[in-house]
Structure formats: C-alpha cells, structure tokens
Amino acid sequence: MPEKLILRDWGKVRVWLEPRLQDVKLISLDIFDTVLGRYVGDPAEVQRAVCRAVSERTGIDAEAVWQARQQAEQALRAEAVQAGFDHECRYSDLLPRWIACLPSAAFRERGNSLTSFIRQTELDLEAATLYVKRDAQVFMDWVKGRNLNIIAMSDMYLDGDMLCELLRRKGIVDYFTFVYVSGDFKLGKYSGRLFQKMLQVKGVTGAQVVHIGDNPISDRRMACRAGIQGIWLYEKAELQRRERQTLSASMAQRGGIWAGRHFFECVETRSQQQDGLKPRDFFFRYGRDVLGPAFSVFMQGLQERLQQQRDAAQPIEKLLFVARDGFLFERLYRTTQGQTPAEYVYLSRKVITAASTADGLSWEQAIVAFYNPKQCGLESVCKVYGLPPALLQPLAREHGFEDFAAPIHDWEDTRLRHFLKDQQVQAIIRAEGRKHRDLLQRYLEQVGFFAHQRVALVDIGWNGTVQKFLKQAFGQREDFPLLHGYYFAFVPKMYANFGDDNVCEGIIHDSRRGNACERIPAEFEEIFEQGARSHEATTIAYREQDGRVVPVLKAANAPDRQAELACNIFVAQMQQGVAHHWEHFRAVQRLTGYSSQQLLPYVHGVLERAVVYPTREEARELTKLVHTEDFGHDHVLELANQPVGWGDLLRPRHLLRRLELSAWRYALFDRIPTGVANFAFRIVYLHTVRK
C-alpha cells in the first residue's frame, strides 16, 4: 500500500511529485477546501440561504422549507444504502422529492418553475461563497505544463454537471479532463468505492494515480487503500481559519457579538481573497475596516425598514439622500437596485433654517446659533438664518448690542428677548425668510417632495435639523408628506418635538433607546461625517436658472472650503474602502441572512475600539483631517490636539476643560501607551450617561 503522506503546502507537493512524474499518468484533486475555498465555512449555510430564497418566493416558512429538504435528502440517502450504495444522493433526484415535501400543494403544481428557480439559486449561492485558492491554481498550471491530466474527485451532493458549472464560473473548468462526484455514482471517497470506480472507468492502476486533498481519511487513507498514492494537504493556517469560522458560527446561535463576529470574519476572508491591490493606504483601510462595517450595517438597516414599510402596505414612495452627508449613502444605495426611487437633494441646515424664518424668528430658534462653541452672538444668528446683518445692526444697537459679533453666553439675556420682540426686527426677518422659503419650496416641488404621500430623508443625522425645519416651514401645506427620517445616529439634543406624522430613527445609534454602549458614534461625530460627506461644497442658497431653481454652493475660496479641499483626497480613499467593504458585505449577507440587529453589537464593539482605543497610526493620520459644518459659519474644527502627558493628569480641572473642547477626546491620551487612561475615562463617561 502507498505511504500515507502529509504535505503542508502546494509547494511541498510539487517538490515531492517532480522526481516521480515519469510514473504518474493522472493527478486527482479534491475540490472543496483543497482547490476551492469557502468564504462561509459551513456548506449548510448555503443550503439555509437557498431555503430563505424559496421562502421569499413561495411564502412558505423558511424553517418548513429546510425541514422538507432534510426529509427528502435523508430518504434518498437511506434508499441508496438499502440498494447497496454509499450514503449518497444526487441533487437532480433531490429537487423533485424536496418540492413534493413542501407543505403547499399550490407550489407542488408549479414544480417546473420552482425547480428551475431552486437549482439556479443553489448554483448562484454556491458560486458566491467559493474562491480559487491561488497556490492551488499555480500548482495546476505546473501540472498542465507537464502534460499530465487532472481529474476532480469530490464527495458532493451536486450533480457532476453542476460542479462543472461552478468550476466554469470560477474559471478553472478547463484544467480538468473529468469530474467524479459521489452524488452521480452514489459512491463516496470516504468508503474508497469512488476511487475504485474511477480506476475502473479510466482503465489505470492505482500506482499511476496521485490524489491530493484536505481530508486525512477520505483523501489519504482511503485513496491509499485503493492503491492510489494519497496525499493529505495539511494547510495549518487555512485549517485554523475554518475552525475559527465554525466556532463563530456555532457561537452565533447564542446571540450577542457572535453573529457579527462570524459575519465579519466571512467578509474579511472574501475581501482578502479578492483584493489584489495590497498594501493599501491608511485611509482606505480605515474606510474598509472601521467605517465600512458601520455604514454597511446602516444601509442594511435602511433596506430592512423600507421592506417593513412595504410589508405594512405603507411603502416609502421616495428616498431623499440629503446633501452633503448623505452622499456616500446614496452611492451605496445605487448598487442595490432598490425598489424605492431615490434622489440626491441639495438641502442643508443653512437653507432650511433660513426658510423657517418666513413667519419670524423665535427665541428658541435664535439660540440654536449659540450651540456652536465659536459663536459670535447676533452675527452667528444672521449667518445661521441667512439674515441681512447690515439691516439688523442699527436696530441691535438700540437694544444695547454695541458689538454685533460679541458672543452671547447668557441665552436668557433680556437684550436678546427685547430684540426679538421688536416688530421692525421681525419685519426684516420675515421678508428675508419669505424669499428663502419661496425658493426652497420651488426646489422641493422640483424634486417631487410634495408629490408623494410618504417620503424619507436619509442622512448622517445627529439632531435631525433638516427634518425639523422642513416641517416647521411647510407643515401647513395639505400635501406635506408623512416624513420619515432614517439617520445613522439620532441624538435630539436641540429639538424635542418634530410634529405629527414626522418619524425619526437612528439606525446605528438612537439616544432615546437609552443604551449607553451604542452611544459611541456621538463620541467622535466628525469622523463619520467626514467619511460620508460629498466632495463638493455645502449648499448656502438657491437661485433661478433657465426657469429652474438650482443650488448655490459655498465658494471655493472660503476658508473652511479651502481646508475641505485639502482633505478631499483622504475622504475619497476612505469612501473607496467603504465601497469595497459594502461589496463583500452584501455578498456575505445574502449567504448568512443575518439582520442588522444581529450585527449591531459587534459593530458597536468595532467602533468602541476605534474611537476609544485608537492606534498610534490612527491618531496620527485621522488628525490630519479638519471638520467644517454647514450651519452658516466659516469655522474649521481641527481634529488634532496636543496630546495629554502624565503631568496633565495632576491638573484635573485643566484636563477636564481640554476634554470638553476636544472633538476626539480619546486621542488626547495618545502619549500614554498602556491604554489605562482611555479605559478609565471611558468607564467614568459610561457611569455619567443615562443607562
């Protein structure tokens, strides 16, 4: 009997085989986990995905579809054993038996159509989870160069022609002169009988054949018993990866972070196998590995909510992706070929709030301008609401405002109250506001905002300012739609009441849920806005052009716009990384069927690590970015800060002030290498927020 060989990579197989080529006529290769790897470790996950697809098509519960499949397969395998064959069945025999076991007679009558759908879906999903192992293809090229024939030997329920189709889709079918599948012959490698059948059909002796595979029993021991030189290809790293995936898949049944861990391990495997452009730059990797999971789960959550609306017979009729931070989300949505019509709309807090003053400016509206730490009093109010400072400055002096640009820290200032009650002031504000509102209203009519019963805004979120002021400015119109706001994060600190028929939800984080662990996006809002934003400038107004209303964008020479332009190259790289992740995310989601809610705990963990415990590289590179906002100011927020040293810890009040003013407070501890300071600060923070 041939020796029981263990070789640890394809290079060693080649070294062993080369001096023996003159005695070999045929190379036999196992297919799955030897030549083809899987992004999703367990083949049963593909079968489950097929059952979900059948469920969606037929309306039959997915678990009932799965049980029908198991029942049909077990019956066929039992019949094969009773007939003297191995415990095998063939897919072409399984399909009609499976459909006959489905609990709906109506779909049994439509078996031909359903049979074709299931067969095609199984092939599509199998192909989606498979990749050609690079070293295996290099080996096959070498073998073909030696004019040796290669055959495929696989214990597999798919028919031989289906396996050939998979090999064709992966571009390697021409390497093989014949395919032997256990399902076709009802004989398996694990019994040795498929090897015996192959020798009989090919008319060769076992000594003329070398078989290579990843299973020590079926690919080595049983091949050797049949007189064939069997080689166990023991790729330790690959085996460990599959074991990790299997463990994660098993633990995923317990909930928590495990579903996300299993899912994103599969995404990472798929990404690594298909990405031939390494090493990548930092910002691409950050987009792929940090922002990618968060933005992808957000997009999945958005799709789920749109489906829920359709299921409730209350479909969203139009999606409006809000400029600028809805830019990336609109690009990702395009790739899904979603059922809901969508449009990228030039709205901003600046133009919305300007229109909201058509009926005057209230004290509650005015103080919104003071949330900016760099606010300049009434000058900021004018910038936020698009008001003419030249007309308002003389009236402000009459109410005691000598310096129009002086910050107003006391929001209850009686001067401010009296200023806003001045009828001359309000007349100027209303006149300007009506101009803004008229142009905005015409723009909204152009994009079909009022032509639909249900409209949804998609944006990065935070306070929902655009949605709030749209309702305030146009809510009195009878055709104002039922408005949904789907936000990456929703933290309504500035507004409590959004009015009737005005629904807001944060998909990744919603502070109203009271979950302290999901608050992490609010700890570094700027990086998510930077990752999602458009490369073009913010909308500051509208103007008429050729009978249409078009947006007016901030000038390129504005100080904050200059800073943005310098950072656009980094933003583009992050968005390329996000798009790369989204491509693989969608493929794996189709295979695994996890919901966004199942993935969220793991995503929150990814963001916690990135925001609270940044690496030195992350702290160094991300602080190259600057942040701007579109609320009427030209200010630039520098993300870089002088790191905290050990001496700063001895001045707690000074340290606290620095933390309050910092955009990314955890990066301040970059010089303290242990991570203890970050951990301690995080624990203190979590104890101060409402659980």
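These figures come from a predicted structure and were not determined experimentally.
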Student: Taking V290's backbone N and O only, do any of them form a donor-acceptor pair with R285's side chain (distance below 3.5 Å, no angle check)?
Tutor: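 Absent.
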Student: Look at the side chain of R69 and the backbone N and O of L94, then say whether any donor-acceptor pair between them is shorter than 3.5 Å.
Tutor: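 No, R69 side chain to L94 backbone: no donor-acceptor pair under 3.5 Å.
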Student: Between K170 and L36, is there a donor-acceptor pair closer than 3.5 Å when you use the side chain of the first and the backbone of the second?
Tutor: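 Checked: no pair found.
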Student: E523 and E608: side-chain contact (heavy atoms from CB on, under 4.5 Å), yes or no, with the steps?
Tutor: CA-CA 9 Å; E523 288 291 277; E608 176 99 1; over 6 Å; no
Student: Between F449 and Y443, does the ring centre distance come in under 6.0 Å?
Tutor: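 Not under 6.0 Å, so no.
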Student: Is any side-chain heavy atom of F585 closer than 4.5 Å to one of M299?
Tutor: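 With C-beta onward as the side chain, the pair stays apart.
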Student: Are H581 and S271 close enough that some pair of their side-chain heavy atoms sits under 4.5 Å apart?
Tutor: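 When only atoms from C-beta onward are counted, S271 and H581 do not touch, as no gap falls below 4.5 Å.
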Student: Apply the test salt bridge (Lys or Arg N to Asp or Glu O under 4.0 Å) to residues R169 and D124: give CA-CA distance (whole Å), side-chain angles for both, the deciding distance (0.1 Å), then the verdict.
Tutor: CA-CA 10 Å; R169 293 192 188 190; D124 291 344; 2.8 Å; yes
Student: Indicate the atoms forming the closest heavy-atom contact of V588 with C266, along with that distance.
Tutor: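 Closest approach of V588 to C266: CG1-CB, 3.7 Å.
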Student: Which pair of heavy atoms, one from C51 and one from W66, lies closest together, and at what distance?
Tutor: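 Here C51 and W66 meet closest at SG-CA, 3.6 Å.
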Student: Taking atom types as modelled and ignoring hydrogens, do the side chains of H509 and E518 form a donor-acceptor contact shorter than 3.5 angstrom?
Tutor: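 Their side chains do contain a donor-acceptor pair, which is all the 3.5 Å distance test asks for.
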Student: Let's go through F321 and R331 carefully: what are the C-alpha distance in whole Å and the side-chain angles of both, what is the deciding distance for side-chain contact (heavy atoms from CB on, under 4.5 Å) to 0.1 Å, and is it a yes or a no?
Tutor: CA-CA 10 Å; F321 290 86; R331 293 299 185 270; over 6 Å; no
Student: Please determine, by modelled atom types, if R305 and Q309 share a side-chain donor-acceptor pair under 3.5 angstrom.
Tutor: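 The answer is no; no qualifying pair exists.
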Student: Roughly how far, to the nearest 0.5 Å, is the CG atom of D325 from the CD atom of E529?
Tutor: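 So the gap between those two atoms works out to 5.0 Å.
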Student: Taking all non-hydrogen atoms of both residues into account, name the closest pair between V491 and N463 and its distance.
Tutor: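 Nearest heavy atoms, V491 then N463: O-OD1, 3.0 Å.
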Student: With a cut-off of 3.5 Å and sequence neighbours excluded, list every side-chain donor-acceptor pair involving residues 565-576.
Tutor:
residue : atom : partner : partner atom : Å
N568    : OD1  : R533    : NH1          : 2.9
N568    : OD1  : R533    : NH2          : 3.0
N568    : ND2  : H535    : O            : 3.1
Q575    : OE1  : H535    : NE2          : 3.4
Q575    : NE2  : G531    : O            : 3.2
Q575    : NE2  : R533    : O            : 2.7

Student: May I ask you to check whether Q307 and R310 show a side-chain donor-acceptor distance below 3.5 Å?
Tutor: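 Q307 vs R310: donor-acceptor pair found between side chains.
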Student: Could you check whether any side-chain N or O of H436 sits under 3.5 Å from a backbone N or O of G386, counting only pairs where one atom can act as donor and the other as acceptor?
Tutor: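 Here the side-chain-to-backbone pair exists.
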Student: Kindly indicate, with the supporting measurements, whether the criterion side-chain hydrogen bond (donor to acceptor under 3.5 Å, both in side chains) is fulfilled by E621 and Y286.
Tutor: CA-CA 10 Å; E621 297 294 330; Y286 198 83; over 6 Å; no
Student: If only atom types and distance count, is the side chain of R519 paired as donor or acceptor with the main-chain N or O of S511 below 3.5 Å?
Tutor: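 No.
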Student: Once you measure the plane-to-plane angle for H580 and H584, does it fall in the parallel (<30°), tilted (30-60°) or perpendicular (>60°) bin?
Tutor: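 Ring orientation, 0 to 90° scale: perpendicular.
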Student: State, to 0.1 Å, how close G301 and S596 come at their nearest heavy-atom pair, and which atoms those are.
Tutor: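 Minimum heavy-atom contact is CA-OG, 3.7 Å.
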Student: Which residues pass the ring-ring contact (aromatic ring centres under 6.0 Å, His included) test with Y344, sequence neighbours left out?
Tutor: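 Result, ring-ring contact (aromatic ring centres under 6.0 Å, His included) vs Y344: Y346.
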Student: So do T538 and K350 actually touch side chain to side chain, heavy atoms under 4.5 Å?
Tutor: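 Answer no - side chains too far apart.
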Student: Go through it in stages, so that I can follow the logic: the residues are I316 and H484, the test is side-chain contact (heavy atoms from CB on, under 4.5 Å), and I'd like the CA-CA distance, side-chain angles, deciding distance and then a yes or no.
Tutor: CA-CA 8 Å; I316 299 297; H484 289 254; 3.5 Å; yes
Student: Which heavy atom of A342 sits nearest a heavy atom of Y333, and at what distance?
Tutor: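 Reported closest heavy-atom pair: CB-CE2, 3.6 Å.
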Student: Mind checking whether I118 and Y91 have side chains closer than 4.5 Å, heavy atoms only?
Tutor: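 When only atoms from C-beta onward are counted, Y91 and I118 do touch, with a gap below 4.5 Å.
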Student: Which label fits H262 and Y594: parallel for a plane angle under 30°, tilted from 30 to 60°, or perpendicular past 60°?
Tutor: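 Perpendicular, since the angle between the ring planes exceeds 60°.
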Student: Given the rule in the salt bridge (Lys or Arg N to Asp or Glu O under 4.0 Å) test, do E122 and R119 qualify, once you have shown the distances and angles that lead to the verdict?
Tutor: CA-CA 5 Å; E122 188 108 22; R119 186 181 189 277; over 6 Å; no
Student: Could you tell me whether the side chain of L440 reaches within less than 4.5 Å of the side chain of L347, counting heavy atoms only?
Tutor: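 In contact.
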Student: Does one side chain, of E304 or Q308, offer a donor that lies under 3.5 Å from an acceptor on the other?
Tutor: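 Short answer, no.
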Student: Could you tell me the separation between the CZ atom of R324 and the CD1 atom of I460, rounded to the nearest 0.5 Å?
Tutor: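 Here the rounded value is 12.0 Å.
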Student: Show your reasoning for whether side-chain hydrogen bond (donor to acceptor under 3.5 Å, both in side chains) applies to Q446 and R442.
Tutor: CA-CA 6 Å; Q446 283 178 191; R442 290 172 58 192; 5.9 Å; no
Student: Is there a side-chain contact (heavy atoms from CB on, under 4.5 Å) between Y157 and Q47? Walk through the geometry before answering.
Tutor: CA-CA 11 Å; Y157 61 87; Q47 298 172 19; 3.4 Å; yes
Student: Test of understanding: with ring-ring contact (aromatic ring centres under 6.0 Å, His included), list the residues that count as partners of F329, not counting sequence neighbours.
Tutor: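 Scan of F329 (ring-ring contact (aromatic ring centres under 6.0 Å, His included), adjacent residues dropped) gives F295, F298.
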Student: As an exercise, state the distance from CD of E317 to CZ of R454, rounded to the nearest 0.5 Å.
Tutor: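 Going from CD on E317 over to CZ on R454, the span is 7.0 Å.
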Student: Assess whether salt bridge (Lys or Arg N to Asp or Glu O under 4.0 Å) is satisfied between E126 and R38, documenting all intermediate values.
Tutor: CA-CA 9 Å; E126 277 285 358; R38 289 185 181 274; 3.1 Å; yes
Student: How long is the gap from CD on Q303 to CG on L332, to the nearest 0.5 Å?
Tutor: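 Here the rounded value is 10.0 Å.
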Student: Any donor and acceptor pair, going by atom type alone, linking the side chain of T340 with main-chain N or O of L319 inside 3.5 Å?
Tutor: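 Judged by distance alone, no pair lies under 3.5 Å.
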Student: Test your reading of the model: is there a side-chain donor-acceptor pair from D42 to the backbone of E45, 3.5 Å cut-off?
Tutor: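 Pair absent, no side-chain N/O of D42 close to backbone of E45.
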Student: Judged by atom type as modelled, is there a donor-acceptor pair below 3.5 Å linking the side chain of T129 to the main-chain atoms of V40?
Tutor: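 Side chain of T129 to backbone of V40, a donor-acceptor pair under 3.5 Å: yes, one is there.
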Student: Compute whether any side-chain donor of one residue and acceptor of the other, for Q441 and R477, lie under 3.5 angstrom apart.
Tutor: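 Yes - a donor-acceptor pair under 3.5 Å links their side chains.
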Student: Quick one: do R57 and S113 satisfy side-chain hydrogen bond (donor to acceptor under 3.5 Å, both in side chains)? Show the steps, please.
Tutor: CA-CA 11 Å; R57 182 181 174 93; S113 172; 3.0 Å; yes
Student: Between S356 (side chain) and T353 (backbone), is there a donor-acceptor pair under 3.5 Å?
Tutor: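 Yes, because the side chain of S356 sits within donor-acceptor range (under 3.5 Å) of the backbone of T353.
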Student: With no hydrogens and no angle check, is any side-chain donor or acceptor of T539 less than 3.5 Å from a backbone partner on L553?
Tutor: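 Such a contact is absent between T539 side chain and L553 backbone.
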Student: Hey, what's the ring geometry for W462 with F528, parallel, tilted or perpendicular (30° and 60° as the breaks)?
Tutor: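 Rings of W462 and F528: tilted, as their planes differ by 30° to 60°.
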Student: Could you measure the distance from the OH atom of Y487 to the CD1 atom of I507? Nearest 0.5 Å is fine.
Tutor: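 Going from OH on Y487 over to CD1 on I507, the span is 11.0 Å.
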Student: Please assess E268 against R241 for the test salt bridge (Lys or Arg N to Asp or Glu O under 4.0 Å), listing each intermediate value before the final yes or no.
Tutor: CA-CA 11 Å; E268 182 181 14; R241 182 190 67 80; over 6 Å; no
Student: Might you point out which heavy atoms bring Q245 and E265 nearest each other, and give the distance in Å?
Tutor: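 Shortest heavy-atom separation between Q245 and E265 comes out as CA-OE1, 3.8 Å.
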Student: When rounded to the nearest 0.5 angstrom, what is the spacing between CG in D289 and CZ in F264?
Tutor: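 That separation rounds to 11.0 Å.
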